[in-house]
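Order of the sequence lines sets the chain letters (A, B, ...), proteins ahead of strands, with each chain counted from 1. Note that these values count all heavy atoms, side chains included, but never hydrogens, waters or copies made by symmetry. Just so you know, these numbers come straight off a predicted model, no measurement behind them.
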Protein chains: 2
Amino acid sequence: MKYIDKLRNSGLRPTKQRLQICEVLFNTERTFHFTINELEQKIKDKIDNKISLATIYNTVHAFEKKGYLKQIPVNSNQTYFDTNITDHHHFYNLKDGKLIDLENSDVGPINIKRKIDGKKIKSIEVLVKLED
Amino acid sequence: MKYIDKLRNSGLRPTKQRLQICEVLFNTERTFHFTINELEQKIKDKIDNKISLATIYNTVHAFEKKGYLKQIPVNSNQTYFDTNITDHHHFYNLKDGKLIDLENSDVGPINIKRKIDGKKIKSIEVLVKLED
DNA sequence: TTATAGTTTATAATGGTTCTAAATAGCTGT
DNA sequence: ACAGCTATTTAGAACCATTATAAACTATAA
């Protein structure tokens, strides 16, 4: 299995549940955005056995900590994640709550001129809100 | 009172509670960021009578809809608001969850090269996450 | 195989936010 | 000033995403 090493290498035991979640998240043509509820549904559709909601939360957080997923900063009652972990930005369609990737080249370089003592920049994220 | 007209002009009745919340939010030297809980505390400190939590939520949402407050897109369990409604961006200190304003001039112009059919850009917000 | 630490699970608990419905208070026309 | 109407406030309940709990299970290394 191709995800076993990935998990082992990052100190996560390759359990059946994690491997199945890897299939759903990473064995895809394209990257995608999701909330936990959407992921839960996707898992139900693609997997025979049940994976508990707690495990889905645990796994998503574990994967995010390891850098296999990114959280997207949006104002919503649910947390949005992205399987696209490259440096990029988002359109946010206010009407339906859907996200669209914006390649870095679609935004151009962002140069933060101000520095904060003793802190370093972990990420720079641009959110472009869309309305009709 | 200086806030009575502001409220009337935007179709909001100038009630005692709203005027008091205006004082806390807008009668300040500097703009500031807050969560509802922090605002509730500030109100308790500055106002004699009690304002119910539901009213605080109602008022903040009413003010946001009228454009007197802005929501800041951050991943947190609480919603962050800003009394600075000018076009600007934020540092987000992951350690303590505090925000710092980034003037537009500190970030430089952002040029979104991609367009989405039938949609127009409502806002462009940059979040710069800080770590130690 | 066995011991151990890591993982999964159902379920309960938490906590921010929204809803409800009754009481109160602005507002408009008279 | 008053009546009537609608907006607003309020306490408390409800909601719902997320996190905690603690017991059962499992991967792993010796």
Visitor: Report yes if a side-chain nitrogen or oxygen of Thr79(A) is closer than 4.0 Å to either non-bridging phosphate oxygen (OP1 or OP2) of dT18(D); otherwise report no.
Guide: yes
Visitor: Using OP1 and OP2 only, check whether a side-chain N or O of Lys50(A) sits under 4.0 Å from dA10(C).
Guide: yes
Visitor: Rounded to whole Å, how long is the line connecting atom CD of Gln20(B) with atom C1' of dT9(D)?
Guide: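 Atom CD in Gln20(B) sits about 12 Å away from atom C1' in dT9(D).
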Visitor: Taking 4.0 Å as the cut-off, does a side-chain nitrogen or oxygen of Lys16(B) come that near to OP1 or OP2 on dT9(D)?
Guide: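 For dT9(D), OP1/OP2 do not have a side-chain N/O of Lys16(B) under 4.0 Å.
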Visitor: Between the side chain of Thr83(A) and the main-chain N/O of Phe32(A), is any donor-acceptor distance below 3.5 Å?
Guide: yes
Visitor: Leu39(B) and Leu7(B): same hydrophobic cluster, using ILVMFWY side-chain contacts below 4.5 Å?
Guide: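 Cluster IDs for Leu39(B) and Leu7(B) match.
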Visitor: Looking at Glu64(A) and Lys70(A), is any side-chain nitrogen of the basic one under 4.0 Å from a carboxylate oxygen of the acidic one?
Guide: no
Visitor: Name the residue closer to the 5' end of DNA chain C, choosing between Gln78(B) and Pro14(B) according to the nucleotide with the nearest heavy atom.
Guide: Gln78(B)
Visitor: Any idea how His90(B) and His88(B) line up, ring-wise: parallel (<30°), tilted (30 to 60°), or perpendicular (>60°)?
Guide: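 Ring orientation, 0 to 90° scale: perpendicular.
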Visitor: Hey, quick one: are Phe34(A) and Val74(A) part of the same hydrophobic cluster, counting side-chain heavy atoms closer than 4.5 Å, chains of contacts allowed?
Guide: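 In one cluster with Phe34(A): Val74(A), no.
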Visitor: Can a side chain N or O of Asn77(A) be found less than 4.0 Å away from OP1 or OP2 on dG16(C)?
Guide: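 No, no such contact exists.
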Visitor: When you compare the protein's N or O atoms with those of nucleotides 4-6 of chain C, which come within less than 3.5 Å of each other, and at what distance?
Guide:
unit_1 : atom_1 : unit_2   : atom_2 : d
dG6(C) : O4'    : Arg13(A) : NH1    : 3.2
dG6(C) : O4'    : Arg13(A) : NH2    : 3.3

Visitor: Measure the distance from CG on Asn75(B) to P on dT18(D) and round it to the nearest whole Å.
Guide: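 Atom CG in Asn75(B) sits about 10 Å away from atom P in dT18(D).
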Visitor: For Asn37(B) and dT14(C), what is the distance between atoms CG and C1' respectively, to the nearest whole Å?
Guide: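 Rounded to the whole Å, the gap is 13 Å.
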Visitor: Assess, by modelled atom type and distance only, whether the side chains of Gln71(B) and Asp82(B) contain a donor and an acceptor separated by less than 3.5 Å.
Guide: no
Visitor: Does any residue of residues 51-68 of chain B have a heavy atom under 4.0 Å from DNA chain D, and if so, which ones, in number order?
Guide: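 Of all residues in residues 51-68 of chain B, the ones placing a heavy atom under 4.0 Å from DNA chain D are Ile51(B), Ser52(B), Ala54(B), Thr55(B), Asn58(B).
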Visitor: Does dA7(D) have its OP1 or OP2 closer than 4.0 Å to a side-chain nitrogen or oxygen of Thr15(B)?
Guide: no
Visitor: Could you tell me whether the side chains of Asp101(A) and His33(A) share a donor-acceptor contact shorter than 3.5 Å?
Guide: yes
Visitor: Regarding Lys119(B) and Asp132(A), does a basic nitrogen lie under 4.0 Å from an acidic carboxylate oxygen?
Guide: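 Between Asp132(A) and Lys119(B) there is a salt bridge, with a charged N closer than 4.0 Å to a carboxylate O.
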Visitor: For Glu38(A), is there an ion pair with Lys98(A) - N to carboxylate O distance below 4.0 angstrom?
Guide: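 Counted as a salt bridge, because a side-chain N and a carboxylate O are separated by less than 4.0 Å.
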Visitor: To the nearest Å, give me how far apart CZ (Arg8(A)) and C1' (dA29(D)) are.
Guide: 12 Å
Visitor: Does a side-chain N or O of Gln17(B) approach OP1 or OP2 of dA25(C) to a distance below 4.0 Å, or not?
Guide: no
Visitor: What is the distance from CZ of Phe34(B) to P of dG16(C), rounded to the nearest Å?
Guide: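 For the pair Phe34(B) CZ and dG16(C) P, the rounded distance is 16 Å.
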Visitor: Taking CD1 from Ile21(A) and C1' from dT8(C), how many angstroms apart are they, rounded to a whole number?
Guide: 10 Å
Visitor: Grab the CG-P distance between Asn49(A) and dT9(C) for me, whole Å please.
Guide: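 Computing the Asn49(A):CG to dT9(C):P distance gives 8 Å.
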Visitor: What integer distance in Å separates Gln41(B):CD from dG16(C):C1'?
Guide: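 Those two atoms, CD and C1', are 16 Å apart.
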Visitor: Anything under 30° is parallel, anything over 60° is perpendicular, the rest tilted; go ahead and classify Phe26(B) against Phe63(B).
Guide: tilted
